[in-house]
Amino acid sequence: MCTDFPTVFLPWEKGHLRTFSTMANFCVQLSGFLLGFLGWLGIIIATATNDWVHICHHGMSVCKMMDDYRAIGPWANCVLRAGNSHCQSLTQIFDLPVYIQTTRALMIIASILGLPAAGILLMSMPCINLGNDLQSSKNRRAILGGVLLLLVGLCGLVSTIWYPYAAFYDQEFTYFGFSLYTGWVGTVFCLLGGAILACSSDSSPPSSRPYQENNRFNYSKQGGGQMPAPSTTNHAKSAHV
């Protein structure tokens, strides 16, 4: 008499689709995190430096040949002459124009918001588990981190557009500096990374099981799609000899 042994039922269709969706979601989240992190670094570099706008009254090519031009930023005005730079810090806060004060505030806010955004996004990665972490919790953290990155990008966008626009009307000849280009690149990266992360949440219904148990194999008897029913035999009784 042949006995039907339980066999492993591999979910070739649903299981593979779920695995592919998980891997694709991980790649999208990783790309958004890297873009946002690089953008945040660009925002910090732009905030800490003063090479935002170059001012030259003879044309930039002539001034570079003469090595004589000015570089202004939110924190100081520098005069570059004969390979030497002399900077004067802008310490009179209340006497500064509105666009300089606004640029300082927004860039500082953007630099500070990037730190919790990076921490939240690290905790939302599928490769990092915090105890019995749920997939729905990871999705919420990814969306929150993406929103914070969007705020960082918006702060950088307003600062890096308003400052050169206002400086252009204050001076006759202005040219963009390295810090401003860095701020633009960082702003674009933060906006792209934040948009990707805010839209990369898994669309599957939230599960009440921990994240580690999402991809378990299902076992069934041959010809059936459910778990074998528990035996009703009373094992406490002993067999008669």
Side-chain angles (χ1 to χ4, degrees), residues 14-49 52 74-75 102-163 178-216:
K14 294 183 179 180
H16 283 191
L17 288 177
R18 180 178 294 275
T19 302
F20 177 77
S21 176
T22 303
M23 292 299 297
N25 189 48
F26 170 72
C27 293
V28 170
Q29 287 189 4
L30 183 61
S31 300
F33 171 75
L34 292 178
L35 283 174
F37 184 76
L38 292 176
W40 178 46
L41 291 181
I43 293 292
I44 292 177
I45 293 174
T47 305
T49 54
W52 281 55
W75 309 101
T102 306
T103 299
R104 286 182 173 183
L106 290 178
M107 295 300 285
I108 290 175
I109 292 173
S111 301
I112 294 175
L113 285 178
L115 184 60
I120 292 173
L121 291 175
L122 281 176
M123 292 187 295
S124 68
M125 288 295 165
C127 57
I128 298 178
N129 296 320
L130 302 177
N132 294 330
D133 208 359
L134 301 178
Q135 178 63 27
S136 58
S137 300
K138 288 180 174 290
N139 293 337
R140 287 193 294 267
R141 284 197 292 266
I143 294 175
L144 178 59
V147 171
L148 290 177
L149 281 181
L150 288 176
L151 292 177
V152 172
L154 289 177
C155 291
L157 182 65
V158 174
S159 301
T160 55
I161 291 180
W162 190 6
Y163 187 92
F178 169 76
S179 301
L180 196 58
Y181 286 115
T182 306
W184 283 337
V185 173
T187 296
V188 172
F189 278 9
C190 285
L191 291 176
L192 286 177
I196 290 173
L197 289 166
C199 301
S200 65
S201 176
D202 191 3
S203 59
S204 61
S207 174
S208 60
R209 294 185 178 183
Y211 181 78
Q212 298 93 327
E213 298 182 359
N214 283 347
N215 295 321
R216 284 189 174 180

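All values below come from the heavy atoms of this structure, side chains included, with hydrogens, waters and symmetry mates left out.
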Taking all heavy atoms of [X] and all of [Y], pick out the closest pair and write down the distance.
{"X": "P116", "Y": "I112", "answer": "CD-O, 3.0 Å"}
{"X": "G193", "Y": "L35", "answer": "CA-CB, 4.1 Å"}
{"X": "L121", "Y": "R141", "answer": "CD2-O, 4.4 Å"}
{"X": "T160", "Y": "G156", "answer": "OG1-O, 2.6 Å"}
{"X": "C190", "Y": "G36", "answer": "SG-O, 3.9 Å"}
{"X": "L197", "Y": "L149", "answer": "CD1-CD1, 3.8 Å"}

With side-chain contact (heavy atoms from CB on, under 4.5 Å) as the criterion, how do T49 and F178 come out once you've worked through the C-alpha distance, each side chain's angles and the decisive distance to 0.1 Å?
CA-CA 9 Å; T49 54; F178 169 76; 5.6 Å; no
[atom2] on [Y] to [atom1] on [X], rounded to 0.5 Å:
{"X": "L144", "Y": "L148", "atom1": "CG", "atom2": "CG", "result": "5.0 Å"}
{"X": "L106", "Y": "T47", "atom1": "CG", "atom2": "OG1", "result": "10.0 Å"}
{"X": "S179", "Y": "Y163", "atom1": "OG", "atom2": "OH", "result": "10.0 Å"}
{"X": "I196", "Y": "L30", "atom1": "CD1", "atom2": "CG", "result": "11.0 Å"}
{"X": "F33", "Y": "L38", "atom1": "CZ", "atom2": "CG", "result": "9.5 Å"}
{"X": "I108", "Y": "I44", "atom1": "CD1", "atom2": "CD1", "result": "12.0 Å"}

Check the angle between the aromatic planes of W184 and Y181 and answer parallel, tilted or perpendicular using the 30° and 60° thresholds.
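Ring orientation of W184 relative to Y181: perpendicular.
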Tell me if a side-chain donor or acceptor on W52 pairs with a main-chain N or O of A46 at a distance below 3.5 Å.
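Yes; at least one donor-acceptor contact below 3.5 Å.
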Only one of L113, T187, V147 passes side-chain contact (heavy atoms from CB on, under 4.5 Å) with V152; say which it is.
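Among L113, T187, V147, the one meeting side-chain contact (heavy atoms from CB on, under 4.5 Å) with V152 is L113.
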Please say whether more than 12 non-hydrogen atoms of neighbouring residues, nucleotides or ligands are located less than 6.0 Å from CZ in F189.
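Incorrect, the count does not exceed 12.
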